[in-house]
4 protein chains.
Amino acid sequence: MNSFGVVFRVSVFGESHGNSIGVVIDGCPPGIPIAPDDFMTDLSRRQSGSRGTTKRREADTPEILSGVYNGNTTGAPVTIATRNSDRISSDYDDFKSVPRPGHADYVSGIKFSGFADMRGSGHFSGRITWGLVAAGVIAKLIVRPAVINAKLISAGGSTDIEQAIEKAMAEGDSIGGIVECTIANPPKALGEPFFYSVESSISHIVFSIPAIKGIEFGAGFSAASMKGSAHNDPFIDGTGKTLTNNSGGINGGISNGNEIIFRAAVKPTSSTGSVQRTFDFSRGEMTELGVRGRHDTCIALRMPVIIEAAAAIALADLLMIDRGINASRKL
Amino acid sequence: MNSFGVVFRVSVFGESHGNSIGVVIDGCPPGIPIAPDDFMTDLSRRQSGSRGTTKRREADTPEILSGVYNGNTTGAPVTIATRNSDRISSDYDDFKSVPRPGHADYVSGIKFSGFADMRGSGHFSGRITWGLVAAGVIAKLIVRPAVINAKLISAGGSTDIEQAIEKAMAEGDSIGGIVECTIANPPKALGEPFFYSVESSISHIVFSIPAIKGIEFGAGFSAASMKGSAHNDPFIDGTGKTLTNNSGGINGGISNGNEIIFRAAVKPTSSTGSVQRTFDFSRGEMTELGVRGRHDTCIALRMPVIIEAAAAIALADLLMIDRGINASRKL
Amino acid sequence: MNSFGVVFRVSVFGESHGNSIGVVIDGCPPGIPIAPDDFMTDLSRRQSGSRGTTKRREADTPEILSGVYNGNTTGAPVTIATRNSDRISSDYDDFKSVPRPGHADYVSGIKFSGFADMRGSGHFSGRITWGLVAAGVIAKLIVRPAVINAKLISAGGSTDIEQAIEKAMAEGDSIGGIVECTIANPPKALGEPFFYSVESSISHIVFSIPAIKGIEFGAGFSAASMKGSAHNDPFIDGTGKTLTNNSGGINGGISNGNEIIFRAAVKPTSSTGSVQRTFDFSRGEMTELGVRGRHDTCIALRMPVIIEAAAAIALADLLMIDRGINASRKL
Amino acid sequence: MNSFGVVFRVSVFGESHGNSIGVVIDGCPPGIPIAPDDFMTDLSRRQSGSRGTTKRREADTPEILSGVYNGNTTGAPVTIATRNSDRISSDYDDFKSVPRPGHADYVSGIKFSGFADMRGSGHFSGRITWGLVAAGVIAKLIVRPAVINAKLISAGGSTDIEQAIEKAMAEGDSIGGIVECTIANPPKALGEPFFYSVESSISHIVFSIPAIKGIEFGAGFSAASMKGSAHNDPFIDGTGKTLTNNSGGINGGISNGNEIIFRAAVKPTSSTGSVQRTFDFSRGEMTELGVRGRHDTCIALRMPVIIEAAAAIALADLLMIDRGINASRKL
């Protein structure tokens, strides 16, 4: 199930310490101008480097393996990949019998009957989001003139993000955060009843991103505390603009043309500098585990561009489905 | 896109005031004992009737149209439907030009180019969840011995739910709520990387339910304020049991065998007794709108059984996918 | 896997002697004018009645359960069903231990672990094609101005069809036939590389129809005996018209605008009046089996309208996929 | 739509003269032992080299980009690719305005609005089947102990294949052929009613292969000329063995355990040495076209291994679907 989408289909592949990581984009319209350099802005935003992110460095230079000719997409599947280079696998040897708390070590061992490549969390690594971001670059071009922007709005429970990170680093601990994503100028009438609401599609792909544990649209969880008279967004003009936007631009699962807005909760990085107690499955007793190696203090710092990509891919797919079914509609 | 699932596929159909509503369940294993009466407990829980729910009454008697013979599922698609009876359509006549705030009136008008059946919100009605609940009854049998329970844990921001509803009714307003769902004794190793995590699958179907605006797993949004050392769930025995359950039973998108737990935010019913200002699209001016007719003060009251059904369906599908791929795994 | 299609999705349900048979059509565009009477022409063509067809009589009156309002499709799933009435199930009691040669008795017993409803072949009955034909009526409207026509071009190896049937009836035997289907004025550029060629899509659905054992497009099997210089179809004008049509209107899996033409081989009805030797699985010895009951001498007589429906559904789906991906193309 | 399969999903990418061609295999069970060398036998069978095949030579060395670790599949998607090397693109420059008869030049120009990479037929090239063959190597391991064998049984209408090819080469023409594929010892009970019969699944993928124009199962087209009493295959023992195998091992779309057998018709290579008349779309007049460059006299020579791969992939997918739904069945 490494692919997402009904018409615009994105398939990711690769492992943290394997040969390559990449993405195949199927159902990609022809005639989209794209060159390897066009991926660099978003791929760089995803990279580590700032304080609070891992010291692992990857060149991450994308190579287009198929689907682009003379500077345009051709209509054939677009494949983009990059080689993994900065691999230090010795860090990860002991986690089969002593799985790290919060990591996928334990479940991947069971899921794949001991055959999972567990180096750097293998296919469960956040590194797999590289392909998502690459596909997002193309998806963003498809959904134009919609403009997608995500940003980290809190970390460790605080809006003073820089300070929260410094504090966590000083404590050798990790922290989570909340990312807010807005889609300005979205197409109207996207989303398909019953099972492909805008919320369904976006949440499906956003929850594919490692470390995401919650999502809410518009007023979201606070809507549960509101009264209907306050939550309802009155229409105020003939374009369908609403006075408030508690619905996050989505009524009945369908985009109403107002800004789509959602927030995603990012849990703290599971790897921390602290020593943790956990179970040693081979010895059958509790043990202490210190996770060395390189890791992010706040993985949420790198999330905004990944979440933008996820939203763009979901939207591109919804756009193509709607276009396929409702050919004659004028917006 | 009125179907959900890769192997266990559920398709819903019907409109609030149309002939029938129902569901087709495909990929349903043979040999599941089921009779029309077995649906009644859950269908009754979904029905209105208690204070705070609509006065519309439907017999809701399920008829099994296909797929069951001699008291067992046969392996062929199971179709369950019921006739709509208590229809008063005159309540809904004016909403094409004056769409109700918070409702799907405006978007369904655009989406379906004016052809949507808008009586009682048509296919966008919460009534469509009847089919989801019916399918959930079968899905719950498939995922045994897992046990799924959902309950309303707050309404209108208060844990004193009864009082909150009385107050809202007195004010002629509506309120939202939060539903918590737990899956005890879930199968281990469900969830498929990258795009079919347990969270992806459950959130996809839960956000298909009208009025849901947020979902979180385990510690959820509060995880964003936690430190890794506190959020990580240490394993404490050889069965994979964890000391805490901040992950909600899911690591890396895969179930780890601990209780799966999630919460969904339900917005307040859009229909309220209050008069609301909104736009009259035919006259091109603001107007006042009072929504008469029958509606729920707190739609969240009827949500637990619907959310249980959604979770059961998602889990049944994940179970079959996993079983198809990983035939030889011993748990 | 009782559904077909990526965007235009058709799901069939029902058993030969069950409560109902029917079809759910999802991804159906709104605004298609349709009434129950519009189904009768094609449903009547599918019915038995002429010499050489079974004496089972069903009223087959379609009831529209959802998705149509005020005489038009609404954009919500269209469900069409009919009750089974003329059921004589006692004819089918012995086939569990002595499965009829050529029938699905043996495989359905294994497939569904003994739970299959085997009355009248249950879900494996040709009766399930009722839903396909009903969906085809709508699909034909969607693919207009393409016009789809199928006819029986031979039976029992002879083009004198009437005489071949009389002879088979006299012998108490059954015969097969070949159906040819043409799609005049098809949309250009349908078909998606690599895995959704026009041939792939049409053959997939045509081979779902019970009794089909072969399909060929254009020159088909005779192409294997041809030279390239003779098989190639030269273009002769600016519309893409070709001098010959050995390709059956499809190059590289994509429709080229010329008539799409294919032929399907229909095997003889498995039920015959003759006594047949076969194995008794309960006694573990060979036995003789005479199939009484009502059956078609030449099921191929009823196939043309079913094959038209299959082709229309495949084409409608390809049309919507293409439209979704290639929005800006002018044909 | 460059992917095939419900649970075992194969996605191909690449163009004839692009950077790379390859395949992503998703839903691949963990623990399958595989190394790059294991692909060489089948990839070599697919290669040109014998008389009657093109002089284009590709090293075709497979590189495993993901999904294999320590010599076994890991459960993550397996990606296999190879670089294109022997590219002479100048041969293909003129076909935009003078599309070659029988080729995809004309339709790909329309389909992709002029953006298709037409060098060597781009994504429509038979070269894309490289990925299919690579995936087939793994699929064959999954469906063991079933054994799949295909061979060319006639060329240019003759069973003396060598002589037919020599003759065609002498004439500077091309010829078609018929490939027969048998699957010995297949799993019983594969195939899903209604829309995923064994015939549907196999034909779907086989018709994705360029140049295939017909397929028939068991007696196939000759069944149309048979009587039921002769076509029916009597069971002769308790294992379900049948005396004859006119059904090709498939009843009601479900495998009955007997050998699955089908034949595919391969049209003659469109490129021939002969000069052909066709239309010049830029000048609006008929013209003469001689296709130089390297091409196969009889592409059917290279088909058997491709068709084996297609059958293996279809079967692997059917196996996993069946296993997912019918977990408890004992065969």
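This structure is a prediction, so every number in the text was calculated from the model and none was measured.
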Q) What part of Thr278(A) gets closer than 4.5 Å to chain B, counting heavy atoms only: side chain, backbone, both or neither? A) both
Q | Contact class of Glu285(A) relative to chain B, heavy atoms under 4.5 angstrom | A | neither
Q.
If you count heavy-atom pairs within less than 4.5 Å of chain A, which of Gly284(B), Pro99(B), Ser11(B) leads?
A. Pro99(B)
Q: Could you look at Ile321(A) and say if it's the side chain, the backbone, both or neither that has a heavy atom under 4.5 Å from chain B?
A: side chain
Q | Partner chain B: residue of Thr242(A), Asn256(A), Asp237(A) with the largest heavy-atom pair count (under 4.5 Å) | A | Asp237(A)
Q. Any idea which of Ala104(A), Ser222(A), Gly238(A), Ala219(A) has the most non-hydrogen atom pairs under 4.5 angstrom with chain B?
A. Gly238(A)
(Q) Checking Thr272(B) against Ser229(A): is there a side-chain donor and acceptor pair closer than 3.5 Å? (A) no
**Q.** Pick from Ser197(A), Pro193(A), Gly220(A) with the largest number of heavy-atom pairs that fall under 4.5 Å of chain B
**A.** Pro193(A)
Q) Which pair of non-hydrogen atoms, one from Val12(B) and one from Phe195(A), has the smallest distance, and what is that distance? A) CG2-CE1, 4.0 Å
Q. If you count heavy-atom pairs under 4.5 Å with chain A, which of Gly248(B), Ala223(B), Gly114(B) comes out on top?
A. Ala223(B)
(Q) Please identify, among Gly252(B), Ser200(B), Gly176(B), Ser154(B), the residue contributing the most non-hydrogen atom pairs under 4.5 Å to chain A. (A) Ser200(B)
(Q) Check the orientation of His123(B) and Phe194(A). Use parallel for under 30°, tilted for 30 to 60°, and perpendicular for over 60°. (A) perpendicular
Q) Where on Phe217(A) is there a heavy atom nearer than 4.5 Å to chain B: the side chain, the backbone, both, or neither? A) both
Q: Examine whether an atom of Phe124(A) lies under 4.5 Å from a heavy atom of chain B, and if so say whether it belongs to the side chain, the backbone or both; otherwise answer neither.
A: side chain
Q: Check the angle between the aromatic planes of His204(B) and His204(A) and answer parallel, tilted or perpendicular using the 30° and 60° thresholds.
A: perpendicular
(Q) If I take atom CG from residue Asn232(A) and atom NE2 from residue His103(B), how far apart are they, to the nearest 0.5 angstrom? (A) 7.0 Å
(Q) Could you measure the distance from the CD1 atom of Ile325(B) to the NZ atom of Lys111(A)? Nearest 0.5 Å is fine. (A) 6.5 Å
Q. Below 4.5 Å, heavy atoms only, C-beta onward: do Met286(A) and Ile236(B) meet side chain to side chain?
A. yes
Q | Greatest number of heavy atom pairs closer than 4.5 Å to chain A - which of Gly172(B), Ala264(B), Gly240(B), Gly253(B) | A | Gly240(B)
Q | Contact leader toward chain B among Ser201(A), Ala300(A), Ala211(A), Gly191(A), where contacts are heavy-atom pairs under 4.5 Å | A | Gly191(A)
Q | Nearest heavy atoms of Ile178(B) and Phe221(A), plus distance in Å | A | CD1-CD2, 4.0 Å
**Q.** Region of Val6(A) in contact with chain B, defined by heavy-atom distances below 4.5 Å
**A.** side chain
Q.
At a heavy-atom distance under 4.5 Å, which candidate from Glu199(B), Arg277(B), Glu171(B) has the highest pair count against chain A?
A. Glu199(B)
Q. Of the backbone (N, CA, C, O) and the side chain (C-beta and beyond), which part of Ser255(A) lies under 4.5 Å from a heavy atom of chain B, both, or neither?
A. backbone
Q: Over 60° means perpendicular and under 30° means parallel, so classify the ring planes of Phe235(B) and Tyr106(A), tilted if in between.
A: tilted
Q.
Distance check, rounded to the nearest 0.5 Å: Thr269(A) atom OG1 versus His231(B) atom NE2?
A. 11.0 Å
Q. Considering all heavy atoms of both residues, which atom of Ser203(B) and which atom of Ser203(A) are nearest to each other, and what is their separation?
A. OG-OG, 3.1 Å
(Q) Please check: side-chain N/O of Lys213(A) versus main-chain N/O of Ser247(B), any donor-acceptor pairing under 3.5 Å? (A) yes
Q | Proximal component of Ile202(A), with respect to chain B [non-hydrogen, under 4.5 Å] | A | neither
Q) What are the two closest non-hydrogen atoms of Val107(B) and Asn251(A), and how far apart are they? A) CG2-O, 3.3 Å
Q. Between SG of Cys298(B) and NZ of Lys227(A), what distance do you get to the nearest 0.5 Å?
A. 13.0 Å
(Q) Need one label for Asp173(A): side chain, backbone, both or neither, based on atoms under 4.5 Å from any heavy atom in chain B. (A) side chain
Q. Are any side-chain N or O atoms of Asp233(B) and backbone N or O atoms of Pro101(A), one a donor and one an acceptor, separated by less than 3.5 Å?
A. no
Q: For each of Ser208(B), Ala265(B), Pro210(B), tally heavy-atom pairs with chain A at distances under 4.5 Å, and name the one with the top tally.
A: Ser208(B)
Q. When rounded to the nearest 0.5 angstrom, what is the spacing between CD1 in Ile254(B) and OG in Ser108(A)?
A. 8.5 Å
Q) Shortest non-hydrogen contact from Gly228(A) to Pro268(B)? A) N-CB, 3.4 Å
(Q) Heavy-atom pairs under 4.5 Å with chain B - which of Ile175(A), Ile215(A), Ile205(A), Val206(A) has more of them than the others? (A) Ile215(A)
Q. Which bit of Leu243(B) is near chain A, if near means a heavy-atom gap under 4.5 Å: side chain, backbone, both or neither?
A. neither
Q | Heavy-atom proximity to chain B below 4.5 Å, by part of Lys167(A) | A | side chain
Q) In this structure, are over 12 heavy atoms from other groups packed under 6.0 Å from Arg283(A) atom CZ? A) no
**Q.** Heavy-atom proximity to chain B below 4.5 Å, by part of Thr239(A)
**A.** backbone
